[in-house]
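Structure first, commentary second.
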There are 2 protein chains.
Amino acid sequence: MGIANILSVDDDENLQFVIKEYLEDEGHTVFTAANRNELLDILEKETIDIVLQDLVIPNDDGLSMISAIREKSEAFIFIVSGKDDPLDKIIGLEVGADDYITKPFEMRELNARIKATMRRFKQQKETAAAETEDEGPSKITLPHWVLDRSRFQLFDTAGKSMNLTTGEFQLLEALALAPNRVLSREHLFSITRDGKFDVYDRAIDIQIGRIRKKMNDDPNDPQHIKTVRGVGYMLVV
Amino acid sequence: MGIANILSVDDDENLQFVIKEYLEDEGHTVFTAANRNELLDILEKETIDIVLQDLVIPNDDGLSMISAIREKSEAFIFIVSGKDDPLDKIIGLEVGADDYITKPFEMRELNARIKATMRRFKQQKETAAAETEDEGPSKITLPHWVLDRSRFQLFDTAGKSMNLTTGEFQLLEALALAPNRVLSREHLFSITRDGKFDVYDRAIDIQIGRIRKKMNDDPNDPQHIKTVRGVGYMLVV
DNA sequence: ATATATTGTAAGAAACATGTAACAAAGATT
DNA sequence: AATCTTTGTTACATGTTTCTTACAATATAT
């Protein structure tokens, strides 16, 4: 990622040439349009990410062209204006443009803004994706505890952190998702780590011990994590 | 504020009665539904803030009901599960629920959770309001910092610039957009730069180090950017 | 009661992840 | 082209986490 389909709408052929050269050097694909017909034509045929729209187009109106773009496309629209007119800016943003840049501009400046825009787009997409692929509840509430899965931490009901390590947290999480059910060492092992489980492996036991210590759970009379001899462990609630 | 419209979905009439009594004593308005039809009916007619959804409903499926709620409402969803619920249901919790609570639960506990949720809601609404009447999402305000997204710079509450580089700012921005959430190095990498992430890549660590230095955040006892071993980094607010 | 199996845990070793200095590379600015 | 800024790489020190081993404690079966 990092490259975009860009459409520049301007009647100034020299400027169009400069913009095209520069942005293509940056790796983008650049289309140009000098009037409304060309604009609509390209929007139809290509998937445009960013439109650079000049406000002053002979025999037409840049602002109304922006509305036309908005109807057809989700593209990010930069207004390119010959004068720094706050009213144009306000109206432009009103009809659906996203940013405003004043002529004459440094190509470097334009490029920087395009980059920032692309990144913002990308970020939005990724955050949205991360949220939907989110695995279920972000918190698990038990009578005396709260497991916060976005913080990877266990808290008591007063909100105090129990300072579990990530590995401890994951083991407890597995138990908490199936409270009052005995889970075998093998099952717990397969959830929390890779590799093959060996019957004499005590790693789970040790880890349970550490969790108990942090939860203040006496192993001889556990209130939270119970041992079921010959089977495994169970979180009771 | 502090009261909410709560909808409890459960087929156990006794439990429904207890919940309703208790929460109404607390000042909330409580609706009850015993099946999908009642649920949809109430969602249609009322603006529900919080739904308590039993995982097991006779002749229906609590999980799919949650998806249905999500389609119609922005409500915060608590999954309520009994200890005898089938394991596959629990493992399959990949829908958009927000909290998970196991029966039997103390009403006091449930009430505390609801209060915490309301507080968060309220806060969210207020920040959203502040943003629109201010200057859009161009600034991210945290307890000790302000991130100005149009200037790509971090300021303290006194307005002093922290002189972050653009790259440093972008990384911090990504963390700030998901406060109190651990983000993996891979995720941070994919947001802030192009190309493929390699597991042994330390670029993110280094940059975090530089940001911490500029924020004056002691890595051994960080107040702002916390390291979660084996997972990633988290901005705490 | 005795033998056997299972679990708890201390202590040390090993594995692992992180912070960071110092240098190199890349990029921007002049 | 020369300089400055920013970012990435390598290498190493440090501290944390996890595992192994060994043995004691406990439960179960005979």
Side-chain angles (χ1 to χ4, degrees), chain A residues 2 22 25-27 106-112 115 119 152-153 162-172 182-186 188-189 191-222 224-234, chain B residues 152-154 162-172 182-186 188-189 192-222 224-234:
Chain A
Y22 192 100
D25 272 5
E26 293 289 325
E106 287 287 323
M107 280 310 301
R108 207 182 301 155
E109 164 75 16
L110 177 62
N111 192 39
K115 259 198 201 150
R119 198 179 49 80
F152 283 79
Q153 193 52 262
M162 292 297 116
N163 291 310
L164 295 197
T165 67
T166 303
E168 289 161 4
F169 179 83
Q170 285 170 346
L171 184 53
L172 183 59
V182 186
L183 301 181
S184 70
R185 288 177 179 73
E186 179 163 13
L188 291 169
F189 186 97
I191 292 180
T192 53
R193 45 211 97 189
D194 298 328
K196 208 170 118 273
F197 177 70
D198 155 32
V199 194
Y200 299 106
D201 196 333
R202 312 296 311 285
I204 296 291
D205 301 56
I206 301 283
Q207 194 94 303
I208 291 285
R210 285 194 286 254
I211 297 172
R212 276 182 177 149
K213 200 177 281 179
K214 292 189 183 177
M215 289 175 105
N216 233 318
D217 204 17
D218 177 5
N220 296 313
D221 178 26
H224 305 302
I225 301 178
K226 284 226 162 89
T227 305
V228 179
R229 228 179 151 74
V231 190
Y233 295 96
M234 165 170 75
Chain B
F152 292 90
Q153 194 51 263
L154 172 72
M162 292 297 116
N163 292 311
L164 295 197
T165 68
T166 308
E168 288 161 3
F169 180 84
Q170 288 171 359
L171 184 54
L172 183 60
V182 183
L183 301 182
S184 69
R185 288 176 180 72
E186 178 163 14
L188 291 169
F189 185 97
T192 54
R193 44 211 100 190
D194 299 327
K196 210 171 121 274
F197 177 71
D198 154 35
V199 194
Y200 300 106
D201 197 331
R202 311 296 310 285
I204 297 290
D205 302 55
I206 301 286
Q207 202 139 32
I208 290 284
R210 288 179 179 133
I211 297 172
R212 276 183 177 148
K213 201 176 280 178
K214 292 187 183 177
M215 288 176 106
N216 231 320
D217 206 15
D218 177 5
N220 296 313
D221 179 27
H224 306 300
I225 301 177
K226 240 175 134 183
T227 305
V228 177
R229 241 158 198 276
V231 190
Y233 295 96
M234 165 170 74

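As the structure is a computational prediction, the values presented were derived from the model and not from experiment. Keep in mind that the numbers below use all heavy atoms, side chains included, and drop hydrogens, waters and symmetry copies.
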- Item | Protein-nucleotide distance (B:Q207, atom CD; D:dT9, atom P), rounded to Å | 12 Å
- Task: Return yes if a side-chain donor-acceptor contact under 3.5 Å exists between A:Q207 and A:R210, otherwise no.
- Result: yes
- Task: Pick out which of B:I204, B:V228, B:V182 makes a side chain to side chain contact (heavy atoms under 4.5 Å, CB included) with B:Y233.
- Result: B:I204
- Message: If I compare all heavy atoms of A:N163 with all of A:Q153, which pair ends up nearest, and what's the gap?
- Response: N-OE1, 3.4 Å
- Query: What residue among A:I191, A:T166, A:I208, A:L183 forms side chain to side chain contact (heavy atoms under 4.5 Å, CB included) with A:L171?
  - Reply: A:I208
- Message: Without decimals, in angstroms, what is the distance between B:N163 CG and D:dT5 P?
- Response: 12 Å
- Query: Over how many whole Å does the gap from A:K226 atom NZ to D:dA27 atom P extend?
  - Reply: 14 Å
- Given salt bridge (charged side-chain N to carboxylate O under 4.0 Å, His left out), test B:R185 with B:D205 step by step and report yes or no. CA-CA 8 Å; B:R185 288 176 180 72; B:D205 302 55; 2.9 Å; yes
- Query: So, is B:T165 near the phosphate of D:dT5, with a side-chain N or O under 4.0 Å from OP1 or OP2?
  - Reply: no
- Task: Rounding to 10 degrees, work out the angle separating the end axes of the helix from C:dA1-D:dT30 to C:dT30-D:dA1 (five pairs an end).
- Result: 30°
- What is the ring orientation for B:F152 with B:F169, classed by angle as parallel under 30°, tilted 30 to 60°, or perpendicular over 60°? perpendicular
- Message: Output the rounded distance in Å from CG (A:D218) to P (D:dA25).
- Response: 15 Å
- Are A:L172 and A:H224 close enough that some pair of their side-chain heavy atoms sits under 4.5 Å apart? no
- Whichever of B:E168 and A:G167 has its nearest DNA chain D nucleotide further upstream toward 5': B:E168
- Item | Rounded distance (Å) that lies between atom P of D:dT7 and atom CG of B:L188 | 15 Å
- Task: Rounded off to whole Å, could you give me the OH-to-P distance for the B:Y200 and D:dC12 pair?
- Result: 18 Å
- Task: Please state how far atom CG in A:D201 lies from atom C1' in C:dT6, giving the value in whole angstrom units.
- Result: 15 Å
- Message: With a 4.0 Å cutoff (strictly under), does any side-chain N or O of B:T166 reach OP1 or OP2 of D:dT6?
- Response: no
- To the nearest Å, how far apart are A:R193 CZ and D:dC19 C1'? 9 Å
- Query: Hey, is CD on A:E186 packed in by over 12 heavy atoms from elsewhere, all under 6.0 Å?
  - Reply: no
- Task: Would you indicate whether B:K226, at its atom NZ, is surrounded by more than 12 heavy atoms from other residues, nucleotides or ligands within a distance under 6.0 Å?
- Result: no
- Query: Which letters describe nucleotides 18-30 of chain C, given B = protein heavy atom under 4.0 Å from base, S = only from sugar-phosphate, - = neither?
  - Reply: BBBB-------S-
